2 protein chains.
Amino acid sequence: MFLSIHPQSSQPLYEQLAGSVRAGILDGSISDGERLPSARDLAGSLDLNVHTVLRAYGMLREEGLLDLRRGRGAVITAPARDLDAVTAALDTLLDAAERAQLSPETLLSLVRSRLNPVPTRLDPEGPR
Amino acid sequence: MFLSIHPQSSQPLYEQLAGSVRAGILDGSISDGERLPSARDLAGSLDLNVHTVLRAYGMLREEGLLDLRRGRGAVITAPARDLDAVTAALDTLLDAAERAQLSPETLLSLVRSRLNPVPTRLDPEGPR
DNA sequence: CCACTTGTTCTACTTCAACTAGAACAATAC
DNA sequence: GTATTGTTCTAGTTGAAGTAGAACAAGTGG
């Protein structure tokens, strides 16, 4: 199981860690029912703080990917998914984006705007 | 021209602004050669600081989307792009992701990892 | 030439998320 | 019971984001 962290990245550590677990689930290197290291252990081996690891674990639980219980630890609860269509579509998208000479930032903006049309946080006044 | 900003969003204001301009270029509401408001004007109408707007403008310039010159302002330098293939591929991807029951976070992680395999900032030690 | 506009480049300050640190506590495993 | 492990606090540091003001340089337009 490869959980890699880049301390110099602009992405928050807990995001990186959660993303790493998600990627592991998708590519099959982490399978359903598998037990992740305890937060304290993982924090030790990745040289992170326990709270940072627990924050990532908490995110994954909210996404339904992880089951957390005291004394036992973190267990993957990811249903089997068929990703062939997703990876194929992603390949097509990246190819099309390259042909259109879209920068990575632009493509990410595009994807983000489709995934999250409006900010979810409380926004009493709305857009200006 | 719609440049909308959500002050409550988790995304930085300058990122939102840059993303809004990118989106405007893509959907045709901002066209090549068009002049954006001066940083001071835009900051006034969006209720932002001048530096925040200039930071967004600077990002867009680095991406080759904007030409900045003193006294004249900000002019779009976006080449015409054919986005039909991109939007079609994006539709397919979102559909496939929904079928596979991937959360938005997971899908974004997936796209990000394909766009940016390794963090670009200086990272003397590499992953741990 | 001259006044004005506008980006460029500084310094300085505030705010807040991210991260670290330590501790006490509660549920679970063995 | 004992050890493990997540849960929940408080508290502190760090750095990016954002604001604020000013001086400056290169254009625009009269």
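Throughout, a chain's letter reflects where its sequence line sits, starting with A, and its residues are numbered from 1. Everything numeric here is computed off the predicted structure, so don't read it as measured data.
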Open item on the list: Looking at every heavy atom in both B:Ala74 and B:Leu68, which two are closest together, and how far apart are they?
Closed with: CB-CD2, 3.3 Å
Task: B:Glu34 to B:Ser29 - nearest heavy-atom pair and separation - done: OE1-O, 4.1 Å
- [ ] Would you confirm whether B:Ser113, through its side chain, and B:Leu110, through its main-chain N or O, come within 3.5 Å as a donor-acceptor pair?
- [x] yes
- [ ] Side chain of A:Leu68 only, please: which of D:dG6, C:dG7, C:dT6 is the nearest?
- [x] D:dG6
Task: Separation of atom CD in B:Gln8 from atom C1' in C:dC16, rounded to whole Å - done: 13 Å
- [ ] Starting from C1' on D:dT4, measure out to CG on A:Asp41 and report it in whole angstrom.
- [x] 10 Å
Open item on the list: Between C1' on D:dG18 and CG on B:Leu17, what's the gap in Å once rounded to a whole number?
Closed with: 14 Å
Task: Distance in angstrom units between A:Leu13 CG and D:dA16 P, rounded - done: 13 Å
Open item on the list: Does a side-chain N or O of B:Tyr14 approach OP1 or OP2 of D:dA17 to a distance below 4.0 Å, or not?
Closed with: yes
Open item on the list: Would the distance check show the side chain of B:Ser109 and the main-chain N or O of B:Glu105 forming a donor-acceptor pair, the cut-off being under 3.5 Å?
Closed with: yes
Open item on the list: If hydrophobic clusters are built by linking Ile, Leu, Val, Met, Phe, Trp and Tyr wherever their side-chain heavy atoms come under 4.5 Å apart, do A:Val21 and A:Met59 end up in the same one?
Closed with: no
Task: Smallest separation among heavy atoms of A:His51 and A:Asn49, with atom names - done: ND1-OD1, 2.7 Å
TODO: Scan residues 6-18 of chain A for pairs that pass salt bridge (charged side-chain N to carboxylate O under 4.0 Å, His left out), counting only residues two or more places apart or in two chains.
DONE: none
Open item on the list: With rounding to the nearest 0.5 angstrom, report the CG to CG distance, A:Leu108 to A:Leu115.
Closed with: 10.0 Å
Task: Rounded distance (Å) that lies between atom P of D:dG18 and atom CG of B:Leu46 - done: 13 Å
TODO: Summarise how protein sits on nucleotides 20-30 of chain D as a single string, 5' to 3': B when a protein heavy atom is under 4.0 Å from the base, S for sugar-phosphate-only contact, - for no contact.
DONE: BB-B-BBBS--
Open item on the list: Same cluster or not: B:Leu60 versus B:Leu46, using hydrophobic residues (I, L, V, M, F, W, Y) connected whenever any side-chain heavy atoms lie under 4.5 Å apart?
Closed with: yes
Open item on the list: Is there a path of hydrophobic side-chain contacts, each under 4.5 Å between heavy atoms of I/L/V/M/F/W/Y residues, joining A:Leu17 to A:Val50?
Closed with: no
Review item, nucleotides 2-4 of chain C N/O atoms under 3.5 Å of protein N/O:
none

- [ ] Let me know the distance between CG of B:Leu36 and C1' of C:dG7, rounded to the nearest Å.
- [x] 13 Å
Task: Shortest non-hydrogen contact from B:Asp32 toward B:Ala78 - done: CG-O, 3.0 Å
Open item on the list: So, OP1 or OP2 of D:dT19: does either fall under 4.0 Å of a side-chain N or O from B:Thr52?
Closed with: yes
- [ ] Find the bend of the helix from C:dC1-D:dG30 to C:dC30-D:dG1 as the angle between its two terminal axes (five pairs each), to the nearest 10°.
- [x] 40°
TODO: Report the distance from atom CG of B:Leu42 to atom P of C:dG7, rounded to the nearest whole Å.
DONE: 10 Å
Task: Residues from residues 53-64 of chain A lying under 4.0 Å of DNA chain D - heavy atoms - done: A:Leu54, A:Arg61
Open item on the list: Can you give me the closest heavy-atom contact between A:Leu83 and B:Ala100, atom names plus distance?
Closed with: CD2-CB, 4.3 Å
TODO: Scan for salt bridge (charged side-chain N to carboxylate O under 4.0 Å, His left out) pairs involving residues 73-91 of chain B, sequence neighbours excluded, and state none if there are none.
DONE: A:Arg114-B:Asp91
- [ ] Could you tell me whether the side chain of A:Ser31 and the main chain of A:Ile25 form a donor-acceptor pair under 3.5 Å?
- [x] no
